[in-house]
Number of protein chains: 2
Amino acid sequence: MNIGQAATASGVSAKMIRYYESIGLIPKTLRTEAGYRVYSDHDVHTLRFIRRSRDLGFSVEQIADLVSLWRDRERASKDVKTIALDHVSVLERKIRELQEMASTLRHLAENCCGDSRPHCPILEELASDEPLPVHTKTDAKFGALGKA
Amino acid sequence: MNIGQAATASGVSAKMIRYYESIGLIPKTLRTEAGYRVYSDHDVHTLRFIRRSRDLGFSVEQIADLVSLWRDRERASKDVKTIALDHVSVLERKIRELQEMASTLRHLAENCCGDSRPHCPILEELASDEPLPVHTKTDAKFGALGKA
DNA sequence: TGTAATCCTTCCAATCATGGGAAGGTCAAG
DNA sequence: CTTGACCTTCCCATGATTGGAAGGATTACA
């Protein structure tokens, strides 16, 4: 199987397959005499594992760990779970940040009549010296992303 | 005011101030004879506007639009509101994507006992050929993160 | 006055995962 | 034997930001 077929079968683009090989996430494949990379069904299976991990937002570094745990039949499921739950925490933090932004912006936009007149509370708020009003329901004290 | 003081006063790093100047987001400043950039309070005000916009997740491109609307006393508030609400949509889409990932992962992790034995549903699922089970629709919903 | 510390300048590089494209070699079908 | 679809490597771009090196300017202090 050439790289294009492996790409189609796995859902990982040929570009990314070469990239993953270059950074050592997947081993170097066999080559034909002409230098074409050759892939087996097993390789495609690994690529699909990688793609599914990416779909869940894991970084390439974490995927390297997951792949090595996957290959290790002596692994402790605890190690996998730790990686997964650490990632969930990261996702949840990002979600909270984005929710805070969206919520603040929605409230600013609500107070802007959005017509042809120039008066605009959104701009006023951006130009203000006061801290941005945060409108999350629960926890509002995570400070925006700036570093004070 | 030198760039370092402007950075401290605005919350935008000196590096980023130079970058914003290089891409044209802010105009080129006056320089001392030695070539040092000189900033006024007004410049700092603009930089703070930019930082607050960044804190809300606006891209530099959008910020350029916001700054130019801010400067334009003839603007229509509609134009500002459109930018803001478009951005809210983008934020909401990202939030949903991340929620889906987190939700799926939490469910996978729940079924992993996380001990020293090798059996692990997380890896099994990543290695499976079936579509990843998404848990947003059934039980997790969008509000599941509210408490987390 | 000397000197050391702290600023400032520009330029280059790296991040992270991905795509685009050029230049050139290979393969299969007509 | 040509054409078109594939493959190869290499370089570049993204977005926002940080890091650092090399070198000049300013400031502080003895």
Side-chain angles (χ1 to χ4, degrees), chain A residues 1-26 28-39 43-44 47-67 87 90-91 94 97-98 101 144-148, chain B residues 1-26 28-39 43-44 47 49-67 87 90-91 94 97-98 101:
Chain A
M1 197 185 323
N2 284 340
I3 198 172
Q5 287 146 355
T8 302
S10 66
V12 178
S13 73
K15 280 273 190 192
M16 291 311 297
I17 296 176
R18 293 191 196 98
Y19 171 71
Y20 290 153
E21 181 189 306
S22 80
I23 62 172
L25 178 59
I26 56 178
K28 297 193 177 177
T29 60
L30 293 176
R31 302 279 189 127
T32 65
E33 287 181 12
Y36 283 23
R37 289 172 179 81
V38 177
Y39 296 90
D43 295 327
V44 169
L47 287 169
R48 221 180 284 132
F49 180 97
I50 291 170
R51 190 185 59 75
R52 290 163 78 92
S53 304
R54 289 286 310 138
D55 289 345
L56 289 173
F58 285 106
S59 69
V60 166
E61 196 180 353
Q62 286 172 311
I63 295 174
D65 294 341
L66 289 173
V67 169
H87 183 47
V90 171
L91 290 172
K94 285 187 190 170
E97 287 172 3
L98 296 180
M101 293 178 190
L145 303 162
K147 51 226 142 121
Chain B
M1 198 183 326
N2 283 340
I3 198 171
Q5 287 147 351
T8 303
S10 66
V12 178
S13 72
K15 282 270 190 195
M16 290 312 296
I17 295 176
R18 294 192 196 99
Y19 171 70
Y20 289 152
E21 181 189 305
S22 80
I23 63 173
L25 178 59
I26 55 178
K28 296 192 179 176
T29 60
L30 293 177
R31 303 279 189 128
T32 65
E33 288 182 12
Y36 283 24
R37 289 172 180 83
V38 177
Y39 295 89
D43 295 328
V44 169
L47 287 169
F49 180 97
I50 290 171
R51 190 185 57 77
R52 290 164 78 92
S53 303
R54 288 288 309 139
D55 288 346
L56 288 174
F58 286 105
S59 70
V60 165
E61 196 180 352
Q62 287 172 311
I63 295 174
D65 294 341
L66 289 173
V67 169
H87 183 47
V90 171
L91 290 172
K94 284 187 191 170
E97 287 172 5
L98 296 181
M101 293 179 190

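- Atom-to-atom, CE of A:Met1 to C1' of D:dC6 comes out at 16 Å; the value is rounded to the nearest Å.
- In the region residues 51-64 of chain A, proximity to DNA chain C at under 4.0 angstrom, judged on heavy atoms, holds for A:Arg54, A:Ser59, A:Val60.
- For the ring pair (Phe, Tyr, Trp, His ring centres under 6.0 Å) test, residues two or more places apart in sequence or in another chain that qualify with B:Phe58 are B:His87.
- Scored by the ring pair (Phe, Tyr, Trp, His ring centres under 6.0 Å) test, B:Tyr20 finds no partners at all (sequence neighbours excluded).
- Residue pairs meeting the salt bridge (Lys or Arg N to Asp or Glu O under 4.0 Å) criterion with at least one partner in residues 17-26 of chain B, sequence neighbours excluded, are B:Glu21-B:Arg31, B:Glu21-B:Arg37.
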Between protein and nucleotides 25-30 of chain C, map the contacts as a letter string: B base, S sugar-phosphate only, - none, heavy atoms under 4.0 Å, written 5' to 3'. BBS---

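- Shown here are the ring pair (Phe, Tyr, Trp, His ring centres under 6.0 Å) partners of A:Phe49, two or more places apart in sequence or in another chain: A:Trp70.
- Separation of atoms OG1 (A:Thr29) and CD1 (A:Ile3) is listed at 7.5 Å; rounding is to 0.5 Å.
- Under the rule for a side-chain hydrogen bond (donor to acceptor under 3.5 Å, both in side chains), the partners of A:Asp55 that lie at least two apart in sequence or sit in another chain are A:Arg51.
- Between the C1' atom of D:dC6 and the CG atom of A:Asn2 lies a distance of 8 Å, rounded to the nearest Å.
- Proximity of B:Ser13 to the phosphate of D:dT17: no side-chain N or O atom is located under 4.0 Å from OP1 or OP2.
- The interatomic distance linking A:Leu25 (CG) with C:dT18 (C1') rounds to 14 Å, in whole Å.
- A:Glu21 has its CD atom 16 Å from the P atom of C:dT18, to the nearest Å.
- By the side-chain contact (heavy atoms from CB on, under 4.5 Å) test, A:Asp65 pairs with A:Ile83, sequence neighbours left out.
- Look at CG on B:Leu47: it is 16 Å from C1' on D:dA16, rounded to the nearest Å.
- In the set D:dT17, D:dT8, C:dT9, C:dT9 carries the atom at the smallest distance from any side-chain atom of B:Ile3.
- By the side-chain contact (heavy atoms from CB on, under 4.5 Å) test, A:Ser13 pairs with A:Lys15, A:Met16, sequence neighbours left out.
- Within 4.0 Å of A:Arg37, counting heavy atoms only, lie sugar-phosphate atoms of the nucleic acid but no base atom.
- For the pair A:Ile17 CD1 and C:dG19 C1', the interatomic distance rounds to 15 Å; values are reported in whole Å.
- Nearest heavy-atom pair, A:Leu66 versus A:Ser53, reported as atom, atom and distance to 0.1 Å: CD1-OG, 4.2 Å.
- Between the CD1 atom of B:Ile26 and the CG atom of B:Asp43 there is a distance of 7.5 Å, given to the nearest 0.5 Å.
- Between the OH atom of A:Tyr39 and the C1' atom of D:dT8 there is a distance of 12 Å, rounded to whole Å.
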Enumerate the protein-to-nucleotides 21-23 of chain C contacts in which both atoms are nitrogen or oxygen and the separation is below 3.5 Å.
from: C:dG21; atom 1: O6; to: A:Lys15; atom 2: NZ; distance (Å): 2.4

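- In this structure, B:Arg18 places its CZ atom 15 Å from P of D:dG20, rounding to the nearest Å.
- Closest approach to the B:Tyr19 side chain among C:dT9, D:dT17, D:dT8 is made by D:dT17 (side chain taken as heavy atoms from C-beta onward).
- Scored by the side-chain hydrogen bond (donor to acceptor under 3.5 Å, both in side chains) test, B:Glu97 finds B:Arg93 as partners (sequence neighbours excluded).
- In this view, B:Ala64 and B:Leu25 satisfy the side-chain contact (heavy atoms from CB on, under 4.5 Å) rule, not counting sequence neighbours.
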